[in-house]
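What you see below is based on every heavy atom in this structure, not just the backbone, and it leaves out hydrogens, waters and symmetry mates.
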Amino acid sequence: MLKRSGLLIRFSIIFLLFMAITIAFSAAATYMNQKDTYKLQQEARIKDVTLCLKEIIEADGEEFKIMQDYFLENHEKLIIPYDYDGDFTVARDHFEDVFTSLYPGEIFEETMKFDDLSDEAQLAFVTYKYEQWLTSFERFNEVFGTEYVYYLVPTDTPPLMYYVFDGLRTEKVVDGQSIMEFDFDVEVPEESYPKLWETCRTGKSPNGYDFYDNDFGRTYGYYTPLFVDGEMIGIVCADITVASVNKGIIDSTIREMVLLAIILSICMFSMLWFIDHQYIHKLRKMEKYMNEYAENKDVNMAEKFDQMGDEGHEIITLSKKTANMIRELNEYMLNLTKTSKELHSTKERAAEMSELAHKDALTGIRNKTAYDKEIIKLEREILRNSELQFGIAMIDLNFLKKINDTYGHEKGNEAIKELCRIVCKVFCHSPVFRIGGDEFVVVLWGSDFNDRDQLVLEFAQILKEKDADTTLEPWEKISAAIGVATYDASQDTTVNDVFKRADTLMYENKKAMKATRDLVAE
């Protein structure tokens, strides 16, 4: 009857027998099982607390490191009330008020770095960040039910460590004011805390826990290293107590476990013999075939799975399904490889198209489409920062029509490319765009913006030298007009306002150049 039964019935009989024997003896071991479960839960809890805190701190990243570095050097400057209620928004608002008043229009850690702040602003920032993280550490204690969550920074003189965040507040009175006392240079002996020092040396969480006695009783400690920008800057720690097990419970547990072990051994031996006879032999054969397939990825291995036996046995059914899976997986991988190649080719074509869409075909610099996108970015920057400094240079090639009509469009193109080369050389720190046939625009930034007048003179000098060079062909002696305008928040509302002024100045320069040529001709 059993030979014709399915896998589910066979395992049901085995498990029913196992459950009946186990239940009969489980009552005597209940307390021990509960205690072990509790112990494992608590150990897992302190591990999860440190990992969670580490991930939250790493998300804060650079700002946490800034706070820590300042705190280690200047902790005596921090004044945190002993009865601080966890509301760090007051300190945050104070820092924002100080920063705004001292550095209007600046953005912290973008346009204004911490090291460039005044002493008052630095202290306000670190006070705010310290209160924020002190609140986080203390709330973790409340939420996760741990006894002690703290943050250590190793010193250069082991076994001393800095307690940057202590799980328990220490009070001191200064000038009649009750404030927090920060524990520095606390001795942490390696013989009492081997896992902590293992974490410090290796930069990895330990495999296990420190186990020691303190004011809380028998205690487990776990540690997780904190990394910012690839550098270990400290260790997140959590402690939780576990009640000691008295000797009577241990003795009773040992007796019950020995008895239970004997019974389970007999039951397991019988069950394993049965399973080996009915199932393991076939499963081992399947394992052998699967290893061969894993090594060779030969789809023909599916035939061996099909030949294991006739259907009617669960293992054989599983074997045939495995054969089908191998065939489907092989087909899937072939399709996936084909799709991957097609996707890669599509991405390459898309990248080429995008580049061509923003590139001028004649000169190789950015075109009108790229300039329009640059203007959109500039418009956003103007809205964010009214003190933005930039300029626009408008440059127009003279006599292009005459060159085209006299020497041909090919020589006209050479004149355009030569002007482009000169513009890019002179304004080498700013983006250059060709927006029309003989028109170029430069968006002046940084040093080009600051030296714009000198660069305009340099541009004119280069053109003058070309005009005087008798070795050059007529189309190589290029002439161009230039106009430069700068952004003025008092009169410009858009980038186009700056562009119009630059265009007007360029045409005025063109008229002046024409007047000079006419005067020389007379």
Side-chain angles (χ1 to χ4, degrees), residues 50 52-141 148-156 160-175 177-186 224-237:
T50 60
C52 184
L53 262 174
K54 181 204 72 148
E55 292 177 0
I56 295 175
I57 294 173
E58 286 179 347
D60 198 43
E62 190 61 30
E63 290 193 357
F64 184 91
K65 188 175 186 302
I66 290 172
M67 179 275 296
Q68 174 176 309
D69 292 342
Y70 183 94
F71 178 82
L72 294 177
E73 294 292 332
N74 307 280
H75 66 276
E76 68 280 356
K77 295 182 181 180
L78 262 69
I79 305 298
I80 309 294
Y82 180 73
D83 59 353
Y84 164 66
D85 61 1
D87 183 10
F88 59 87
T89 58
V90 176
R92 180 195 63 195
D93 294 342
H94 174 65
F95 164 67
E96 292 177 351
D97 291 341
V98 171
F99 183 88
T100 303
S101 64
L102 292 178
Y103 311 104
E106 301 291 345
I107 301 174
F108 181 59
E109 281 301 299
E110 290 188 15
T111 61
M112 179 63 68
K113 298 297 182 181
F114 177 84
D115 291 339
D116 298 327
L117 300 181
S118 67
D119 291 344
E120 178 188 8
Q122 287 183 346
L123 181 59
F125 174 77
V126 173
T127 300
Y128 146 55
K129 294 302 291 185
Y130 188 89
E131 289 189 2
Q132 177 189 9
W133 282 109
L134 176 64
T135 300
S136 297
F137 273 77
E138 292 185 341
R139 286 180 178 171
F140 262 71
N141 258 338
Y148 200 42
V149 179
Y150 50 106
Y151 176 68
L152 300 177
V153 176
T155 69
D156 295 331
L160 300 179
M161 285 196 176
Y162 295 133
Y163 274 67
V164 177
F165 291 101
D166 200 336
L168 298 175
R169 298 185 184 183
T170 304
E171 181 182 15
K172 71 176 181 178
V173 178
V174 178
D175 298 331
Q177 182 183 7
S178 177
I179 64 175
M180 293 185 192
E181 181 179 15
F182 304 118
D183 294 329
F184 270 64
D185 295 343
V186 177
T224 296
L226 174 65
F227 286 84
V228 173
D229 295 332
E231 176 189 3
M232 191 183 87
I233 65 171
I235 302 173
V236 182
C237 315

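For Tyr148 against Leu168, the heavy-atom pair with the smallest separation is CE1-N, 3.5 Å. In this structure, Gly234 and Tyr151 approach most closely via the heavy-atom pair CA-OH, 3.3 Å. Looking at every heavy atom in both residues, Pro225 comes nearest to Met232 through CB-SD, 3.6 Å. Minimum interatomic distance between Tyr162 and Leu72 (heavy atoms only, all atoms of both residues): CD1-CD2, 3.6 Å.
Within the structure, every pair that satisfies the side-chain hydrogen bond (donor to acceptor under 3.5 Å, both in side chains) test and touches residues 82-93, not counting sequence neighbours, is listed here: Tyr84-Thr135, Asp87-Thr89. Applying the salt bridge (charged side-chain N to carboxylate O under 4.0 Å, His left out) test to residues at least two apart or on different chains, the pairs with a partner in residues 107-134 are Asp60-Lys129, Glu63-Lys129.
For Tyr70, the side chain to side chain donor-acceptor pair (under 3.5 Å) criterion is met by no residue, not counting sequence neighbours. In this structure, Phe88 has no ring-ring contact (aromatic ring centres under 6.0 Å, His included) partners at least two apart in sequence or on a different chain. Every residue two or more places apart in sequence or in another chain that forms a side chain to side chain donor-acceptor pair (under 3.5 Å) with Thr50 is listed here: Thr224. Evaluation of the side-chain contact (heavy atoms from CB on, under 4.5 Å) rule for Val228 yields Glu62, Lys65, Ile233 as partners, not counting sequence neighbours. Every side chain to side chain donor-acceptor pair (under 3.5 Å) that Arg169 has, sequence neighbours left out, goes to Glu138. By the side chain to side chain donor-acceptor pair (under 3.5 Å) test, Thr111 is found to be paired with Glu106, residues two or more places apart in sequence or in another chain being considered. Taking Phe165 as the reference, Tyr130, Phe137 meet the ring-ring contact (aromatic ring centres under 6.0 Å, His included) condition, with sequence neighbours excluded.
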With a 3.5 Å cut-off and sequence neighbours excluded, list the donor-acceptor pairs that the side chains of residues 94-102 form with protein atoms.
residue: Thr100; atom: OG1; partner: Glu96; partner atom: O; Å: 2.7
residue: Ser101; atom: OG; partner: Asp97; partner atom: O; Å: 3.1
residue: Ser101; atom: OG; partner: Val98; partner atom: O; Å: 2.8

I would like to know whether Phe108 and Phe125 meet ring-ring contact (aromatic ring centres under 6.0 Å, His included); could you show each step before the answer?
CA-CA 10 Å; Phe108 181 59; Phe125 174 77; 4.7 Å; yes
Just do the side chain to side chain contact (heavy atoms under 4.5 Å, CB included) check on Met180 and Leu134 with the steps written out, would you?
CA-CA 11 Å; Met180 293 185 192; Leu134 176 64; 3.3 Å; yes
Check against side chain to side chain contact (heavy atoms under 4.5 Å, CB included), Val173 and Ile179:
CA-CA 6 Å; Val173 178; Ile179 64 175; over 6 Å; no
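Separating the CH2 atom in Trp133 from the CZ atom in Phe71 is a distance of 15.0 Å, to the nearest 0.5 Å. The OG atom of Ser136 sits 12.0 Å away from the CG atom of Asn141 when rounded to the nearest 0.5 Å.
Each of Leu152, Val186, Val153 was checked for a side chain to side chain contact (heavy atoms under 4.5 Å, CB included) with Met161, and the lone residue meeting it is Leu152.
Ring-centre distance between Tyr150 and Tyr163: below the 6.0 Å cut-off.
The shortest distance between side-chain heavy atoms of Phe64 and Leu226 falls below 4.5 Å.
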